[in-house]
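Structure, as structure tokens:
Just so it is clear: chains get the letters A, B, ... in the order the sequence lines come, proteins before strands, and each one is counted from 1.
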Amino acid sequence: MPATYKRTLVTSALPYANGPVHIGHLAGCYLPSDIFVRYKRSKGEDVIFICGSDEHGVPITIKAKKEGVSPQDVVDKYHKMMGDAFKGFGISFDIYSRTSNKVHHETASDFFKTLYDKHVFTEEITEQYYDTEAKQFLADRYITGTCPKCSNPNAYGDQCEKCGSTLSATDLINPQSTLSGSKPVLKETKNWFLPLDKLQPKIQSYLDQHKDWKTNVYGQCKSWLDSGEGLQPRAMTRDLNWGVPVPVKGAEGKVLYVWFDAPIGYISATKELKPDTWELYWKDKSTRLIHFIGKDNIVFHCIIFPSMLMEHGDYILPDNVPANEFLNLEGDKISTSRNWAVWLHEYLIDFKDKQDVLRYTLCSNAPETKDNDFTWADFQTKNNSELVAILGNFVNRTLVLTHKYYNGSVPAPETYTKEDLLILEQLASFPDKIASAIEQFKFREALAEMMNLARLGNKYLAETEPWKLIKSDEIRVKTIMNIALQITCNLAVVCEPFLPFTSQKLFGMLNMPLLKWHSAKQTSNMAAGHQINKEELLFAKIEDPEIQLQIDKLAQSKSVNTATVIPPSKPETSFDEFSKMDIRTGTILEAERVPKTDKLLKLKIDTGIDTRTVVSGIAEWYKPEEIIGQQVSILVNLAPRKIKGIESRGMILMAANSQGELSFVSATKPAFNNGSEVK
RNA sequence: GGUGAGGUAGCUCAGUUGGUUAGAGCAUCGGAUUCAUAACCCGAAGGUCGGGAGUUCAAAUCUCCUCCUCACUACCA
């Protein structure tokens, strides 16, 4: 830590309270931040570790509605579940707070008010969908309709979960309110925007001071700033009734945007933790603020939140944002909705007392520079060939020999040989090596270095062979075993940030108090004559059946996912409504790719009535040359629309199966004339 | 399509400002050993550094082109 900083404030991304936490969350931000903080504490530095549940936003209100409970019930449930999971894994937050509590509401409200009074925001009136029956504006998530991209009839207003594309509610075909089932109408509403476009120069110079950030983080920030039009204003309020009310006249029925409110949660949690001194951590220039997050949060923590803090004026800015990439699971993306995940609460049951094994595996294979893959086979190997064979084994053989030769009493060293002195010198150098890697957020490297200390121990024993010498040179053995014990003790110190449960167990076996980081630079922590406790195994081997069980569990999720899902029927419609659609048979005369797009084909269609141009998003499924002469069904009286500068007149009917694959729908009798009515 | 990040041994990753036979861990094979959870220790094998072209005495490292993966973003009436 640079000398100018006196304390560190570490935050971990606030997990969203609509589901349990999985290994991806852990590997992405909670584990690295925990390692970092534990190390800082061990060094005796002033550090606080902040986290909490993010409990606002639309998805929670939808989940509540679905389950027939209140939003508060939903967040209560997951807040507890997530908090327990973190605790179970030894994630050592100083406080695990939540954004639905009073302190947070006040803090977020004040923060908004300050910016409002400083005239930071711009007001804008926009058109949003409104449900006339439920008498409220509809957030994107409250609107479903047919995805314009993959024709999934159950796409949400912000996103289609089938094809994964990001949508805008106004893009949906046949939008429908999930509140009342009625068709929503567009209505004007006023919202407050953070004018990121105007703030861009300030943000630019802020980022310029942080070129030392991880390349993935800095690169992404730069891409936001440098992209075509630069930053765009972003609405900081929403028409919704779950969240922090907007503290401004005329804003009834509106709440703060969840991404405005969530990072302020870090501040509120600090207030809650340190009611008297919290300002020292947030407003004093000698505090270093570090946000640990996953890559999906980069823009919020590196651009939006710093903008908010800058405009407020009282606060310090993040000094670093060490974001990790994503963790995949057995080759596929982790997905909550597809149940493709290893849930922490389930792991704690299936692998009781093996928290450190997962901590070790996730840290040694953390997605620090690119997306990584978690496999159960790798988990098993890491446990059996590294934790058991290298670390556990070294500790075990040292303690077994100590009991065998000295009844568990630490022998006094006699004369050190040249080799001994070399080992002691190396031993003392480990804390700095590990520390340096941690300070640079290179946790994988730090962990590997920690294991090297255990390797050093194994090597030392193999080379000195005390089990042979005991027959000929008992005095020499005392020195050897003393050194082996010192290595063991120092291992207990330096493994603590990574493997806190193991560290504690080890100190227990050594019958030693929990030593701090600086002690590991010493080579005489275990005093001669000190009595150690009976050894027990630090790690147990994990056999194939246990792993198979987990793999089977995932296979089951997979088979559920690939099962054909038939979308439910849409609401009843009238014949009148249907007969407004003029659908005809037609034939594709020409087809070509629309340049600079992935999915679009420009088609010339003989509709019987005329020959017209239609742009269709089918390029992923059909090659242009293969579909000349293909008979299709086409909706001919649809309003024309320009797509990529080409006027598209009409829409080709496509069937979409449960995998999202498209197929033409056409008359099955050969040579059916173009222009035949489909009715 | 645009932007960003990656593509290095079977697997997971290091490779500083271009410089001697490209490194580590795990897995594999061989040897040694028995204190230890058949673990440890020693050794070997394994890579035309995604592909192509260029700059240079010298390129994994710089430039250009191209392919693949991931993220954000655009097009589907």
Side-chain angles (χ1 to χ4, degrees), chain A residues 146-151 163 165-166 171-174 214-228 294-296 298-299 325-326 328 333 361 364-375 377-378 381-382 384-390 392-405 442 444-445 447-448 451-452 454-455 457-470 477 481 484 535 537-541 593-601 614-620 635 638-646 648-652 654 662:
Chain A
T146 300
C147 173
K149 311 198 174 187
C150 71
S151 303
C163 65
S165 38
T166 311
D171 293 340
L172 290 177
I173 304 162
N174 297 323
K214 288 174 64 172
T215 48
N216 57 337
V217 177
Y218 184 75
Q220 202 180 82
C221 292
K222 243 179 86 67
S223 85
W224 275 79
L225 292 174
D226 299 347
S227 71
K295 70 173 165 188
D296 50 337
I298 288 175
V299 64
E325 301 285 302
F326 285 159
N328 293 322
K333 278 184 223 188
T361 308
S364 67
N365 193 19
E368 285 177 6
T369 53
K370 63 174 183 189
D371 290 359
N372 265 337
D373 198 25
F374 174 91
T375 65
D378 189 48
T381 305
K382 287 240 154 68
N384 294 353
S385 322
E386 296 183 27
L387 290 176
V388 171
I390 296 168
N393 185 39
F394 168 67
V395 170
N396 189 241
R397 58 203 299 210
T398 303
L399 299 192
V400 165
L401 288 176
T402 305
H403 279 290
K404 198 166 180 177
Y405 301 155
K442 292 182 176 174
R444 271 195 320 234
E445 188 183 315
L447 181 69
M451 286 302 281
N452 281 340
R455 289 192 178 92
N458 277 320
K459 191 169 173 173
Y460 180 66
L461 286 184
E463 281 169 358
T464 53
E465 299 182 304
W467 49 90
K468 270 189 188 167
L469 274 181
I470 193 72
V477 173
M481 288 314 299
E535 82 277 353
L537 296 179
L538 276 183
F539 302 100
K541 283 198 131 193
R593 291 288 294 255
V594 177
K596 299 192 175 186
T597 67
D598 293 340
K599 299 179 185 172
L600 301 187
L601 290 187
V614 174
V615 176
S616 188
I618 58 173
E620 281 179 307
L635 180 60
L638 188 68
R641 172 158 168 158
K642 267 201 172 176
I643 297 160
K644 280 277 165 189
I646 303 163
S648 178
R649 297 176 56 227
M651 170 174 150
I652 309 288
M654 303 300 296
L662 299 181

Mind checking A:F394 for me? I need base, sugar-phosphate or nothing, with any heavy atom below 4.0 Å counting as a touch. nothing

Mind calculating the distance between CD1 (A:I390) and C1' (B:A24) to the nearest angstrom? 12 Å

Contact class for A:L538 vs. all strands (heavy atom < 4.0 Å): base, sugar-phosphate, or nothing? base

P spacing across the pair B:G15 / B:A71, given as an integer number of angstrom: 24 Å

Which part of the nucleic acid does A:T369 contact within heavy-atom distance under 4.0 Å: base, sugar-phosphate only, or nothing? sugar-phosphate

What interatomic distance, in whole Å, is found between C1' of B:A22 and the corresponding atom of B:A60? 8 Å

Contact under 4.0 Å: A:T215 side-chain N or O vs B:G6 OP1/OP2: yes

Taking CD from A:E325 and P from B:A5, how many angstroms apart are they, rounded to a whole number? 10 Å

Under a 4.5 Å cut-off applied to non-hydrogen side-chain atoms, are A:L538 and A:N396 in contact? no

With sugar-phosphate meaning primed atoms plus P, OP1 and OP2, does A:N393 contact a base, only sugar-phosphate, or nothing at under 4.0 Å between heavy atoms? base

The side chain of A:K442 lies closest to which of these nucleotides: B:C75, B:G15, B:A36? B:G15

Rounded off to whole Å, could you give me the CG-to-P distance for the A:D373 and B:C11 pair? 12 Å

Would you say A:K459 places a side-chain N or O within less than 4.0 Å of OP1 or OP2 belonging to B:C42? yes

Can you tell me, in whole Å, how much space there is between the P of B:G54 and that of B:U8? 24 Å

In whole Å, what is the span from the NZ atom of A:K370 to the P atom of B:U69? 15 Å

State the pairing partner of B:C41; accept Watson-Crick or G-U wobble contacts with both distances under 3.5 Å, and report none otherwise. B:G31

Looking at A:R444, does any N or O in its side chain come under 4.0 Å of the phosphate oxygens OP1/OP2 on B:U12? no

What contact category does A:K295 fall into here, base, sugar-phosphate, or nothing, at under 4.0 angstrom with non-hydrogen atoms? sugar-phosphate

Rounded distance in Å between the C1' positions of B:C76 and B:A14: 44 Å

Could you tell me whether A:E445 contacts a base, only the sugar-phosphate backbone, or nothing, with contacts defined as non-hydrogen atoms closer than 4.0 Å? nothing

Which residue, A:R455 or A:A639, contacts RNA chain B at a nucleotide closer to its 5' end, judged by nearest heavy atom? A:R455

Base paired to B:U20 (Watson-Crick or G-U; both N/O distances under 3.5 angstrom): none

Give one of base, sugar-phosphate or nothing for A:L635, where a contact means two heavy atoms less than 4.0 Å apart. nothing

For A:A389, report the nucleic acid contact type (base, sugar-phosphate, nothing); a contact means any heavy atom under 4.0 Å. sugar-phosphate

Side chain of A:N458 (C-beta onward), nearest among B:C41, B:A71, B:A14: B:C41

Can you tell me the Watson-Crick or wobble partner of B:G25, both distances under 3.5 angstrom? B:C11

Minimum-distance nucleotide (side-chain atoms of A:A462 versus B:C41, B:C35, B:A27): B:C41

Work out how far the C1' atom of B:C49 is from that of B:A44, and round it to whole angstrom. 22 Å

Let me know the distance between CD1 of A:I298 and P of B:C72, rounded to the nearest Å. 11 Å

Watson-Crick or G-U wobble partner of B:G4, both distances under 3.5 Å: B:C70

A:F326 CZ - B:C72 C1' separation (whole Å): 10 Å

A:I470 vs A:M481 side-chain heavy atoms within contact, under 4.5 Å: no

If each of A:S385 and A:N216 is mapped to the nucleotide of RNA chain B with the nearest heavy atom, which maps nearer the 5' terminus, i.e. the 5' end? A:N216

Do A:E325 and A:K370 sit within salt-bridge range, that is, some charged N less than 4.0 Å from a carboxylate O? no

Name the closest nucleotide to the A:L600 side chain, picking from B:C76, B:C35, B:G25. B:C76

B:A39 C1' sits how many Å from A:L399 CG, rounded? 15 Å

Determine the Euclidean distance between corresponding P atoms of B:A32 and B:C42; express it in Å to zero decimal places. 16 Å

A:K541 side-chain proximity, nearest of B:A5, B:A71, B:U37: B:U37

Which part of the nucleic acid does A:V388 contact within heavy-atom distance under 4.0 Å: base, sugar-phosphate only, or nothing? base

Salt-bridge contact A:K333-A:D371 (side-chain N to carboxylate O under 4.0 Å): no

Nearest-Å distance once atom C1' is located in both B:U69 and B:A27: 24 Å

What is the base-pairing partner of B:U63, counting Watson-Crick and G-U wobble geometry with both distances under 3.5 Å? B:A53

For B:A45 versus B:U3, give the span between their P atoms, rounded off to a whole number of Å. 45 Å

Taking the side chain as every heavy atom from C-beta outward, state whether A:W467 and A:R397 have any pair of such atoms under 4.5 Å apart. yes

So what does A:K382 hit on the nucleic acid, given a heavy-atom distance under 4.0 Å: a base, only sugar-phosphate, or nothing? nothing

Between A:R455 and A:N452, does any side-chain donor sit less than 3.5 Å from a side-chain acceptor? yes

Whole angstroms only, please: what is the NZ-P distance between A:K333 and B:U69? 12 Å

Any non-hydrogen side-chain atom of A:I618 less than 4.5 Å from a side-chain atom of A:I652? no

Quick one: are A:E535 and A:T402 in side-chain contact, heavy atoms under 4.5 Å? no

